[in-house]
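In what follows, a structure is listed as structure tokens, so that the remarks can point back to it.
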Amino acid sequence: MKSYEVNFDGLVGPTHNYGGLSYGNVASQSNSQQSSNPKEAALQGLAKMKALMDMGFQQGVLAPQERPDVAALRRLGFSGTDAQVIERAAKEAMPLLVASCSASSMWVANAATVSPSADTADGRVHFTAANLNCKYHRSIEHPTTSRVLGSMFANQQHFAHHAALPAVAQFGDEGAANHTRFCREYGEAGVEFFVFGRSAFDNRFPAPQKYPARQTLEASQAVARLHGLRDEGVVYAQQNPNVIDQGVFHNDVIAVGNGEVLFYHEDAFLETDKMLAELQGKLAKVGGNFQSVCVPRSAVSVDDAVRSYLFNSQLLSRPDGSMLLIVPQECQANERVWAYLQSLTSSGGLIREVKVFDLKQSMQNGGGPACLRLRVALNESELAAVNPGVIMTAPLYGSLTAWVEKHYRDRLSETDLADPQLLLECRTALDELTQILKLGAVYPFQIN
Ligand code: SUG
């Protein structure tokens, strides 16, 4: 049976703004308070989806969330009508209103961890929504994420969904941003690679000194258990705490894998040689030939990697077995990174082509091409069981572009977030979106 890697991209929501909410994420911190352009952000994301579809890749779309999250503000004690809740939060606790307005669900690499059916004990595709509990504005995403994923992957014969892990720091889980899967073919058993930043219960693992390590070993282990993965099909590795302290808040800012290939920075991990040997050995047991491409710090520093998001690229397999790298334009703007990419593609290795995308609106909040997509490996019958409304087609691209043009503002600053009209605009837009994507009722305003 044929199998595919389907990239589901997060559609940027109507409240996209620069709230400076993510300590440890350099771009989020340095663009705090700038005004944003939600319309441009959504169109940039859609252009990437369309381009990948046009190149022949399977592409899907994941809906944004209802913001401001009035229910979250009510849980924090603000009361009255929806407009009064927003007004009171704006007056008494602006940072909480800003957090409740974040469109951060667009970075769907953090929505969930996904294990394909070839790896799991019951032969179903397993999803665990990420609790994202390191940052308040992201911790409020998972209930709606679960409903949206449930509506996209509703067929219980093929798909199994797990609720987010307990919402405490010991089980901090950032989803697929710290998870990669190696395999020969997407439909064959593979090796799932979980990268953690610290251990909650074992102090032998060093933790970063400055910035938070969002993913714990214990969270990764719990996800592997929930998904019914075999020990032989799992490798755990620790992110180098020093790179977390330099702004590598997720592993997908310093490494990316696809098929049998890991593309990573020399400083990305601790005990790299041991980890590479384990990946090689375990992949060999399922017939795979593990290969790694290490980018030396002499060619690209960690600082250049963080600024350019070289590793937050999408590494995609082409029909002839070679690979293509989708990078943000910040890579082209960085002389050293661009020179490295030129040498990489001309070296005769597996990575033959680089395609550049303008994702500046998302990049300014620390979200590159890989942050914007959730990979789901599916065989033909599983793909046929996905809600067809969320699979990208030329007509769907047309409808979504028209929908963005109709509903989105082209400028949003902090003071605009206090405007109750924004909530109405968002709800009107999302109500129409659930019809376009045939999702049914998934948002709190549609359910309550
Ligand atoms: O969690 N930024 C996101 C970026 C997530 C990137 N995802 C991956 N690397 N997979 C975060 O830090 C910033 C929001 C703000 O400051 O307004 C933000 O949430």
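When reading the values below, keep in mind they use all heavy atoms of this one structure, side chains included, and skip hydrogens, waters and symmetry mates. When a ligand or atom number is given, it counts from 1 through the structure's own listing order. Throughout, residue positions are numbered sequentially from 1 according to the sequence presented.
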Do NZ/NE/NH1/NH2 and the carboxylate oxygens of Arg427 and Asp82 come within less than 4.0 Å? yes
So which protein heavy atom does atom 5 (C) of ligand 1 come closest to, and at what separation? Arg138 NH1, 3.5 Å
Numbering as shown, the atoms of ligand 1 that approach Asn110 to under 4.0 Å (heavy-atom distance): 5 (C), 6 (C), 7 (N), 8 (C), 10 (N)
Between Tyr23 and Tyr211, how do the two ring planes meet: parallel, tilted or perpendicular, split at 30° and 60°? perpendicular
Show the numbers, then the answer: is there a side chain to side chain contact (heavy atoms under 4.5 Å, CB included) between Asn178 and Asp252? CA-CA 6 Å; Asn178 285 344; Asp252 68 4; 5.9 Å; no
Is it the case that Lys48 places NZ or CZ above or below the six-membered ring of Phe357, under 6.0 angstrom from the centre and within 45 degrees of the axis? no
Nearest protein heavy atom with distance in Å, relative to atom 10 (N) of ligand 1: Asp252 OD2, 2.7 Å
Which of the numbered atoms in ligand 1 are below 4.0 angstrom from a heavy atom of Ala109? 10 (N)
Parallel, tilted or perpendicular: which one describes the rings of Phe269 and Tyr264, with boundaries at 30° and 60°? tilted
Fit a plane to each ring of His265 and Phe311, take the angle between them on a 0 to 90° scale, and name the class: parallel (under 30°), tilted (30 to 60°) or perpendicular (over 60°). perpendicular
Which of the listed options, Leu374, Asn251, Asn365, holds the heavy atom that is closest to atom 14 (C) of ligand 1? Asn365
Using a 4.0 Å cutoff against the non-hydrogen atoms of Asn17, which atoms of ligand 1 qualify? 17 (O)
Tell me whether Asp419 is salt-bridged to Arg409, with the criterion being a basic N under 4.0 Å from an acidic carboxylate O. yes
Classify the ring geometry of Phe182 against Phe193: parallel below 30°, tilted from 30° to 60°, perpendicular beyond 60°. tilted
Look at atom 17 (O) of ligand 1 and say which protein heavy atom is nearest, naming residue and atom and giving the distance to 0.1 Å. Gly19 N, 2.8 Å
Mode of Arg214 contact toward ligand 1 - side chain, backbone, both, neither (heavy atoms, under 4.0 Å): side chain
For Ser28, the atoms of ligand 1 under 4.0 Å from one of its heavy atoms are 13 (C), 15 (C), 16 (O)
Considering non-hydrogen atoms of the protein only, which is the closest contact for atom 11 (C) of ligand 1, and what is the distance? Ser22 OG, 3.4 Å
Of all the atoms in ligand 1, which lie at a distance below 4.0 Å from a heavy atom belonging to Gly20? 15 (C), 16 (O), 17 (O)
Atom indices of ligand 1, in the order listed, that fall short of 4.0 Å to a heavy atom of His137: 14 (C), 18 (C), 19 (O)
Looking at ligand 1, would Asn31 count as a contact under a 4.0 Å heavy-atom criterion? no
Heavy atoms only, cut-off 4.0 Å: how does Lys135 contact ligand 1, side chain, backbone, both, or neither? neither
Search all heavy atoms of Ala63 against all heavy atoms of Leu439 and return the closest pair with its distance. CB-CD1, 3.8 Å
Find all atoms of ligand 1 within a distance of less than 4.0 Å from any non-hydrogen atom belonging to Ala177, and give their numbers and elements. 10 (N)
Looking only at the aromatic ring of each residue, does the gap between the centers of Phe196 and Tyr236 stay below 6.0 angstrom? no
Step by step, would you call Glu353 with Thr345 a side-chain hydrogen bond (donor to acceptor under 3.5 Å, both in side chains)? CA-CA 6 Å; Glu353 195 188 351; Thr345 49; over 6 Å; no
Is there a nitrogen or oxygen of Gly366 sitting under 3.5 Å from a nitrogen or oxygen of ligand 1? no
What residue and atom, counting heavy atoms only, is the protein's closest point to atom 6 (C) of ligand 1, and at what distance? Cys371 SG, 3.2 Å
Out of Thr15, Leu132, Leu21, whose heavy atom sits nearest atom 16 (O) of ligand 1? Leu21
